[in-house]
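These figures come from a predicted structure and were not determined experimentally. All chains are named by letter (A, B, ...) in the order of the sequence lines, taking the proteins before the strands, and each is independently numbered beginning at 1. Just so you know, these numbers use all the heavy atoms, side chains as well, and skip hydrogens, waters and symmetry mates.
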There are 4 protein chains.
Amino acid sequence: MSPRNPARDRQLREARTSQILDSALTVIARRGLSGTKVADIAETAGVSVGNVYKYFASKEDIFEALVHRGQQEYRDFVEEALAMSGSPVDKLVWYTEQWIAKREWAITILLQYARTSEAVPARLKQAVSAKFIDNLRPMAAIIEQGQQSGDMVPGDPMELALIYVSLMEGLTLHDIPDTPELTSGIADRALRLLLREH
Amino acid sequence: MSPRNPARDRQLREARTSQILDSALTVIARRGLSGTKVADIAETAGVSVGNVYKYFASKEDIFEALVHRGQQEYRDFVEEALAMSGSPVDKLVWYTEQWIAKREWAITILLQYARTSEAVPARLKQAVSAKFIDNLRPMAAIIEQGQQSGDMVPGDPMELALIYVSLMEGLTLHDIPDTPELTSGIADRALRLLLREH
Amino acid sequence: MSPRNPARDRQLREARTSQILDSALTVIARRGLSGTKVADIAETAGVSVGNVYKYFASKEDIFEALVHRGQQEYRDFVEEALAMSGSPVDKLVWYTEQWIAKREWAITILLQYARTSEAVPARLKQAVSAKFIDNLRPMAAIIEQGQQSGDMVPGDPMELALIYVSLMEGLTLHDIPDTPELTSGIADRALRLLLREH
Amino acid sequence: MSPRNPARDRQLREARTSQILDSALTVIARRGLSGTKVADIAETAGVSVGNVYKYFASKEDIFEALVHRGQQEYRDFVEEALAMSGSPVDKLVWYTEQWIAKREWAITILLQYARTSEAVPARLKQAVSAKFIDNLRPMAAIIEQGQQSGDMVPGDPMELALIYVSLMEGLTLHDIPDTPELTSGIADRALRLLLREH
DNA sequence: GATGAATGAGAGTTCATTCAT
DNA sequence: TATGAATGAACTCTCATTCAT
């Protein structure tokens, strides 16, 4: 028997948790929550079915953890864009390129499901919607900077942020792996919609 | 011989079919395909479970019929926009207002699911994607007219059509009944992205 | 409207009843009772499903009528063999040839099912078994005649009748349409088992 | 790693499989295939419904396994008769007594159903019929030995084997538990049909 | 902790029977 | 009387969850 090592135990536990969530993200995004079997998640994660339940109480619990993690990661990402050096337009360009590169289709589908499905508890739906609105703020801040520098179109920054994020999401949902309807230049083209003509 | 009236029978059959599809559209959009019980569809349609199977061979069959009908209705709608009298900008305005008014969220969710879910047969996925692209053409034609009249931004009309439709869809998915994140002016605001500044 | 004719009405009713029973016999023998849908019977009989219920109260009712008719027809047949002119051996030959010619596989299967299946009410099972035993008597009488004339093997005539009928049935069940394992001479060969060597 | 014992697991698996087949044999023989619920099989076997599906893909799959096992067991049985020491008549006597003692009614009913029902896939029907014919060979060999020793009636051994087996089956189907029409001496009497008078 | 066999509630689908026309 | 659409109970099969090892 190996000697107990609480720190290492916790670390292993977190690694397993992440591993299960990563697998769950992909399969749930591809098949929907009720279309995904716990056995699918377990298999993709390379663990046994029973073991999944050592880390999560239920399939719903996995979904909720997934949603929270996804929204937090997005928050970190958009704040990183806001905090970076460079002009507001540079920030927007970086955000857009990163979004495309990271292929956020999986979490986009999941969050859309979380906001719209009746199968999701109202409590969670409201939390997700509220967090989504809150997550628009860094983007709105970038847009506001762009308006002050005269580089971006006028209008309520929060509204413009919602429009831009919706557009990113809408485009993303047409660029799922294996169903590519997007040519590479389209996101670039979309970006320019926010910019003033000169 | 027969105590039935064949013409009336057929009429009733078509009415029932529509009734079931209408119900299915709403509940499947709200709960997902695998999250929806045939019993839910039946109850919403006000018919018995068994009777649903007189009209559709399976739940998947209902879904497929729904998708076909949805894409055809969209085609009719966008061609109506193209055919109407008035300037290209008028057509785009009408299209946008109608889209918002018709609250196309249900079919938007369904078609997104049809294009992206692994649970959907590849054959159907491809058909839906192809039809989606084809359905961009009338919108591209409107944009081309707008470019010729100097009212709309330059760029490949098909690309711009994809962007605009993606934006509509993205916004729609944030304006589901009971989860309204959209203020009334946002769609109007979005529309202006395609217009040239003067 | 045609004028009422009670005699003709009854005749038509009997014809319909026979027609339904004939269809039922074939399909139930081929698919089993619970494997047969009332719709199958109706379709084979060329009537509507609803109309079947004008003549029989239930599927079980059809089955019971079938069994009764089958056992009565067999009784008539074996009594005809007993009553015919000629030697006991001639009677047995005629009986055997007729049995083979009439291809009684359908009713044989049905009666076997009626006697052995738990799905059949005990009351009916007992009636069928009793009638089966009773129906052995004419055959036993033929055998007794054959023993008296010295042409048939000795032994209890009822036992020998049971053996011979079981053999006929056993052979019949290997000569179902589309599954012929029987060569034409086998029944003839079987017949000789009852005859004395000379 | 694994806390399981693979050898023991496999053993348990085989035991469960047999247990389910044994239960299935009895209930399907008594109620017919479509008259038998998987729940009946599960209950008789003392396992849960869901667990049955861990061992067999479908009810049809159980039926097929049952048929294969039954025909193989019969083959072993009849070959044992052929291989035993003693005269051909001794072999036939042993075979007959064993058949009666083993009360093969269940598998007899099942195989008859497999050969005759339209509900059984043609592929399986043909396989069963072919195996049935093949399984006649050891019996035919016994009869041939009996003919050579002058103890059995002349004739094509395969034909006589078919007749004898059909007779056994026919008698068996009149001696189902709870429907006994057979007196104990009848099988003995039947056996003598193949023997020459002296 | 790790495993996967076992459970049983629940979903899709069928079909005997009824009934409005 | 004849029809076949409508009903819903019952069946097959699935899968989230538990638990003995």
Side-chain angles (χ1 to χ4, degrees), chain A residues 1-2 4 9 12-13 16 34-43 47-62, chain B residues 1-6 8-9 12-13 16 34-42 46-62, chain C residues 1-2 4 9 12-13 16 34-43 47-62, chain D residues 1-6 8-9 12-13 16 34-42 46-62:
Chain A
M1 298 285 182
S2 65
R4 296 298 180 93
D9 278 6
L12 278 173
R13 204 178 158 75
R16 272 270 197 279
S34 49
T36 298
K37 307 175 219 175
V38 174
D40 293 337
I41 299 172
E43 194 186 18
V47 300
S48 71
V49 174
N51 207 15
V52 169
Y53 283 85
K54 291 278 193 285
Y55 296 90
F56 296 94
S58 67
K59 197 166 74 163
E60 268 65 35
D61 193 31
I62 295 176
Chain B
M1 279 283 184
S2 169
R4 293 301 189 75
N5 179 336
R8 178 158 182 74
D9 275 11
L12 281 173
R13 242 194 118 67
R16 276 269 192 277
S34 49
T36 298
K37 306 176 228 175
V38 175
D40 294 337
I41 299 173
V47 300
S48 71
V49 175
N51 206 19
V52 169
Y53 284 88
K54 291 270 201 261
Y55 295 90
F56 297 95
S58 66
K59 198 167 73 164
E60 267 65 34
D61 193 31
I62 295 176
Chain C
M1 297 284 184
S2 64
R4 295 300 179 92
D9 278 6
L12 277 174
R13 204 178 159 75
R16 271 270 196 279
S34 48
T36 298
K37 307 175 220 174
V38 174
D40 293 338
I41 299 173
E43 194 186 15
V47 301
S48 72
V49 173
N51 207 16
V52 169
Y53 283 86
K54 291 278 192 286
Y55 296 90
F56 297 95
S58 66
K59 196 167 73 163
E60 268 65 34
D61 193 33
I62 295 176
Chain D
M1 276 288 181
S2 169
R4 294 300 189 76
N5 180 336
R8 179 159 181 73
D9 275 11
L12 281 173
R13 242 194 117 69
R16 274 268 192 279
S34 49
T36 298
K37 306 175 229 176
V38 175
D40 294 337
I41 298 173
V47 301
S48 70
V49 174
N51 206 19
V52 169
Y53 284 90
K54 291 270 202 258
Y55 295 89
F56 297 95
S58 65
K59 197 166 72 163
E60 266 66 34
D61 193 30
I62 295 177

Pairs counted as Watson-Crick or G-U wobble with both distances under 3.5 Å: what dot-bracket string results for DNA chain E, using | for bases tied to another strand?
.||||||||||||||||||||

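With sequence neighbours left out, A:Glu43 forms a side-chain contact (heavy atoms from CB on, under 4.5 Å) with no residue at all. With sequence neighbours left out, the side-chain contact (heavy atoms from CB on, under 4.5 Å) criterion links D:Tyr53 to D:Val38, D:Val49. Residues that satisfy the side-chain contact (heavy atoms from CB on, under 4.5 Å) test with C:Asn51, not counting sequence neighbours, are C:Arg16, C:Val47, C:Ser48, C:Lys54, C:Tyr55.
Using a 4.0 Å heavy-atom criterion, one finds that B:Tyr55 contacts the sugar-phosphate atoms exclusively.
Atom CZ in A:Phe56 sits about 16 Å away from atom C1' in F:dA16, given to the nearest Å. The distance from atom CG of B:Asp61 to atom P of E:dT14 is 12 Å, rounded to the nearest whole Å. The distance between atom NZ of C:Lys54 and atom P of F:dG4, rounded to the nearest whole Å, is 13 Å.
Set against E:dT17, F:dT3, F:dA16, the side chain of A:Lys59 has F:dA16 as its closest nucleotide.
Comparing A:Ser58 and C:Val52 along DNA chain F, the residue whose closest nucleotide (by nearest heavy atom) sits nearer the 5' end is C:Val52.
Between C:Asn51 and F:dT3 there is a side-chain polar atom (N or O) within less than 4.0 angstrom of OP1 or OP2. Contact annotation: A:Tyr53 side-chain N/O to F:dT17 OP1/OP2 distance is under 4.0 Å. Applying the 4.0 Å criterion to OP1 and OP2 of F:dA6, one finds that B:Arg16 has a side-chain N or O inside that range.
Here the closest heavy-atom approach between residue C:Gly35 and residue D:Ser34 is recorded as N-OG, 3.1 Å.
Between the side chain of D:Asp40 and the backbone N or O of D:Thr36 there is no donor-acceptor pair closer than 3.5 Å.
Taking every heavy atom of residues 34-43 of chain A and every atom of DNA chain F, pairs under 4.0 Å involve A:Thr36, A:Lys37, A:Val38, by number.
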